Amino acid sequence: MIDVRLLRTDLDGVRAALSRRGKPDVLGQLDDAVALDTRLREITSERDALRAEVNDISKQVGQLRRNQQMAEAEEMMGRSRAIGDREKILQEEAESLEEKLRQVLLRIPNLPHPDAPHGKSDADNPVLKGPINMPATFAEHQRVPHWETAVALGILDNERATKISGSMFTMQRGLGATLSRALCQYALDRNADAFEEIRPPSLVTTATLTATGQLPKFADDAYAIERDDLWAIPTAEVPLTSLYASEVVEDTELPARFMAYSSCYRREAGSAGRDTRGMLRAHEFDKVEILALAMPEQAEALLIELRDRAEALIAGLGLPYRIIEICTGDMGGSHHRSYDLEVYAPGCDSWLEVSSVSWFSDYQARRADIRFKRTGQKGTEIAHTLNGSALAVPRVWAAICENFRQPDGSVALPEVLWPYMRGATSISPK
RNA sequence: GGAACGGUGGCAGAGCGGACAAAUGCACCCGCCUUGAAAGCGGGAGGGCCAAAAGCCCCGGGGGUUCGAAUCCCUUCCGUUCCGCCA
């Protein structure tokens with residue numbers, strides 16, 4: 001959520017920053033917010049003056065009653081009642097304005113970082129690095145889509161997944177299932193030097209899903225369990241960000257770093273019919289997420305660190321990859337600055353997004369009310385949040401099946417995964 | 001799911017209709033004392049709204065009674081214990 005005070009002190013700056021996103025209706029919401037805020041402040045100051053009067057009279061009533069001056073007390077009580085009635089009306093108006101303002105503010109996106117590249121769409125995202133590990137040419141045996149390879153090897157059984165759960169669900173079998181788990185284990189182990197491992201809940205409250213920005217705008221993308229007013233998490237970012245929601249953290253605790261494996265659930269409401277084959281897009285998938293909670297001055301370095309860590313995982317697997325920076329027109333609504341890691345999959349002949357690393361400035365933390373306190377200073381400040389996929393399992397799984405496919409149809413496994421594969425170094429037909 | 005008890009500042013814990021932003025203890029910060037430390041003594045210190053003074057709000061959340069609510073009533077959530085059920 002954007003800081004309302006910014007709207008009062010630097011509306012032009014906010015307008016300029018937001019217009020870089022290229023979403024014209026956002027500027028209209030901005031005007032709505034300013035109007036509501038102005039009116040709200042008028043009402044509250046009027047209301048507070050009335051309250052002050054009531055408080056003052058009440059003190060006097062107490063005094064008069066102690067002095068047995070009952071007639072005078074009665075008279076003042078009558079006056080206070082009248083003021084109280086007016087106060088109540090203003091209070092109701094203030095509450096309704098507050099709620100309206102909140103609803104508008106929740107839909108206004110974050111301000112992009114000044115250095116975030118300007119652009120309209122994903123076509124304008126600059127390549128920051130790479131391609132790395134990209135051979136001059138791919139062999140014919142690598143030009144086979146992973147769904148063909150994997151089905152032939154018996155490690156992918158989407159037909160039965162669909163029978164059990166419907167379309168866009170996947171199922172891995174045998175060493176394919178082991179490989180999924182191995183990738184998670186690998187990603188967690190490689191970041192355990194600095195990140196506390198969390199095993200968070202997969203179902204969260206409406207408040208929790210609002211904090212990270214999925215609600216209220218993107219309710220259709222999430223699975224809702226209405227009977228219990230819970231939502232299935234689309235990423236471990238959701239519970240991890242809210243770990244310290246409505247708490248005040250000591251500055252000595254920051255930056256705090258967490259990582260979590262979780263299943264992720266997405267309705268993919270807008271993607272019906274896209275990427276229906278294989279492992280590229282599914283309603284449920286595994287991912288390891290890394291996340292940091294920081295003071296503002298620590299954030300930029302952390303963003304680079306998270307990106308480096310995500311890159312190190314992919315590089316360690318030996319897959320061809322590149323890093324792109326997300327331009328203002330393509331950025332998610334909560335994002336301040338972000339990078340994507342893409343892996344090349346020769347069988348599909350496409351770049352697959354396997355990690356997205358983002359800095360949210362104080363946008364999510366304000367929604368979640370995560371504050372920190374500087375030792376020796378009065379007051380609190382809103383924290384910054386950052387996160388990134390350490391590793392999104394299915395697409396990496398797919399890229400391994402395609403890049404490391406051998407002429408005989410088997411798939412060679414990256415050496416870093418061998419310790420997690422029960423002795424297997426490749427996957428061959430049964 | 002049923003019953004009982006409880007939710008107050010960083011923690012512990014008093015207050016149960018008026019001078020309460022809230023005793024006390026621990027922890028914390030500053031000073032004195034000391035060669036240094038501990039102890040002792042003196043002082044300071046909650047969060048939020050507002051440009052800020054003033055003022056207002058905050059004793060789990062919401063609602064009510066009252067001139068006035070941490071305190072009374074209703075409701076809801078959370079916790080603990082017991083019972084029931086169950087991986």
Side-chain angles (χ1 to χ4, degrees), chain A residues 1-14 33-102 105 199 201-211 225-231 239 242-254 256 293 362 365-383:
Chain A
M1 195 154 63
I2 196 166
D3 185 353
V4 227
R5 281 172 294 196
L6 259 187
L7 301 186
R8 312 205 272 249
T9 57
D10 186 22
L11 183 57
D12 292 338
V14 171
V34 170
L36 287 167
D37 179 53
T38 307
R39 181 82 187 115
L40 177 61
R41 287 161 71 203
E42 286 167 12
I43 302 262
T44 50
S45 76
E46 223 180 303
R47 179 203 63 194
D48 286 355
L50 293 179
R51 281 190 183 166
E53 267 189 84
V54 169
N55 289 342
D56 186 50
I57 291 174
S58 297
K59 284 203 181 98
Q60 294 182 42
V61 168
Q63 192 63 48
L64 289 169
R65 289 178 73 119
R66 257 185 304 271
N67 295 344
Q68 304 293 316
Q69 297 170 271
M70 292 314 189
E72 289 88 336
E74 276 310 320
E75 196 266 332
M76 299 213 89
M77 282 158 67
R79 267 173 55 199
S80 182
R81 248 189 299 262
I83 298 167
D85 289 345
R86 277 196 289 145
E87 188 268 349
K88 205 166 186 178
I89 292 166
L90 289 178
Q91 172 62 13
E92 275 165 20
E93 192 172 351
E95 275 171 17
S96 111
L97 281 170
E98 255 166 47
E99 182 52 26
K100 277 183 198 150
L101 177 60
R102 190 181 123 81
L105 287 176
R199 177 53 259 225
S202 301
L203 302 181
V204 298
T205 62
T206 297
T208 299
L209 201 66
T210 303
I225 292 126
E226 286 181 32
R227 185 157 70 154
D228 298 296
D229 194 21
L230 289 169
W231 302 78
S242 284
L243 253 190
Y244 288 116
S246 61
E247 295 190 34
V248 178
V249 185
E250 296 295 330
D251 57 355
T252 50
E253 309 270 322
L254 299 177
L293 188 66
D362 60 5
R366 181 170 292 105
R367 287 166 163 255
D369 189 23
I370 307 167
R371 290 172 294 159
F372 69 93
K373 184 167 172 50
R374 295 186 195 266
T375 307
Q377 286 189 25
K378 277 190 74 103
T380 57
E381 294 174 49
I382 309 279

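Each chain gets a letter, A, B and so on, in the order the sequences are listed, and its residues count up from 1. Here the structure is a predicted model, which means the values were calculated and not measured.
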Of the candidate nucleotides B/C67, B/G63, B/C49, which contains the atom at the shortest distance from the side chain of A/R5? B/C49

Between A/I57 and A/E250, the residue closer to the 5' end of RNA chain B by nearest nucleotide is A/E250

Quick one: A/Q60 CD to B/G18 C1', roughly how many Å, whole number? 13 Å

Rounding to an integer number of Å, can you tell me how far A/K88 NZ sits from B/U65 P? 5 Å

Pick the closest RNA chain B nucleotide for A/M77 and for A/D37 by heavy atoms, then say which residue is nearer the 5' end. A/D37

Pairing partner of B/G84, by Watson-Crick or G-U wobble and under 3.5 Å for both distances, is none

For nucleotides B/G43 and B/C33, find the distance between their C1' atoms and express it as a whole number of Å. 15 Å

Can a salt bridge be assigned to the pair A/E87 and A/R51 using a cut-off of 4.0 Å between side-chain N and carboxylate O? yes

Ignoring backbone atoms, test whether A/R41 places a side-chain nitrogen or oxygen under 4.0 Å from the OP1 or OP2 oxygen of B/A51. yes

Check this one for me: any side-chain N or O of A/N55 less than 4.0 Å away from OP1 or OP2 of B/C67? no

Given the P atoms of B/C72 and B/A39, what is the spacing between them in whole Å? 39 Å

The nucleotide from B/C67, B/G48, B/C56 with an atom nearest the side chain of A/D48 is B/C56

Please tell me which of the listed nucleotides, B/G48, B/C56, B/C67, lies nearest to the side chain of A/R371? B/G48

Keeping the roles fixed (side chain from A/D10, backbone from A/G13), state whether a donor-acceptor pair exists under 3.5 Å. yes

Phosphate contact (B/C67 OP1 or OP2) by A/R65 side-chain N/O below 4.0 Å: no

Spacing between A/L50 atom CG and B/C56 atom C1', to the nearest angstrom: 11 Å

Distance check needed: B/G10 C1' versus A/F372 CZ, whole Å only. 18 Å

Using only side-chain N and O atoms of A/R51, determine if any of them is under 4.0 Å from OP1 or OP2 of B/C56. no

Between P of B/G47 and CD of A/E247, the distance in whole Å: 16 Å

Suppose you measure atom P in B/C74 against the same atom in B/A3; what distance do you get, rounded to whole Å? 15 Å

If the threshold is 4.0 Å, N to carboxylate O, is there a salt bridge linking A/R39 and A/E93? yes

Nearest-Å distance, CG (A/L64) to C1' (B/A19)? 15 Å

Quick check on B/C56: is either OP1 or OP2 less than 4.0 Å from any side-chain nitrogen or oxygen of A/T44? no

Using atom P of each nucleotide, how far apart are B/G1 and B/C11 to the nearest Å? 29 Å

Show the numbers, then the answer: is there a salt bridge (charged side-chain N to carboxylate O under 4.0 Å, His left out) between A/R366 and A/D3? CA-CA 8 Å; A/R366 181 170 292 105; A/D3 185 353; 3.7 Å; yes

Please report the distance separating the C1' of B/G18 from the corresponding atom of B/G13, rounded so that it comes out in whole Å. 24 Å

Under 3.5 Å on both distances, the Watson-Crick or G-U partner of B/G6: B/C78

Integer angstrom distance from the C1' of B/A27 to that of B/G10: 8 Å

I need the NZ-P distance between A/K59 and B/G68, as an integer number of Å. 14 Å

Among B/G47, B/G68, B/G63, the nucleotide that comes nearest once only the side chain of A/K373 is considered: B/G47

Hey, does A/Q63 reach any base, or is it just sugar-phosphate, or nothing, if we go heavy atoms under 4.0 Å? base

Going through the checks in order, is the side chain to side chain donor-acceptor pair (under 3.5 Å) test met by A/Q91 and A/E95? CA-CA 6 Å; A/Q91 172 62 13; A/E95 275 171 17; 2.6 Å; yes

Under 3.5 Å, side chain of A/T205 to main-chain N/O of A/T208, donor-acceptor pair present? yes

Could you tell me which non-hydrogen atom of A/I57 sits nearest to which non-hydrogen atom of A/S80, and how far apart they are? CG2-CB, 3.8 Å

Who pairs with B/A70 - Watson-Crick or G-U, where each distance is under 3.5 Å: none

For A/S80, report the nucleic acid contact type (base, sugar-phosphate, nothing); a contact means any heavy atom under 4.0 Å. sugar-phosphate

Answer whether the closest heavy-atom distance between the side chains of A/E98 and A/L40 falls below 4.5 Å. yes

Which nucleotide, if any, forms a Watson-Crick or G-U wobble pair with B/C28, using both distances under 3.5 Å? B/G44

Using atom P in both nucleotides, what's the gap between B/U80 and B/C41 to the nearest angstrom? 39 Å

In whole angstroms, the gap separating C1' of B/G62 from CD of A/E99 amounts to 14 Å

When all nucleic acid strands are considered with a 4.0 Å heavy-atom cut-off, which category describes A/T9: base, sugar-phosphate, or nothing? nothing

Minimum-distance nucleotide to A/A52 side chain [options: B/C57, B/C67, B/G55]: B/G55

Picking from B/G63, B/C56, B/U66, the nucleotide nearest the side-chain atoms of A/E95 would be B/G63

Determine the interatomic distance between P on B/U66 and the same-named atom on B/A52; round to the nearest Å. 37 Å

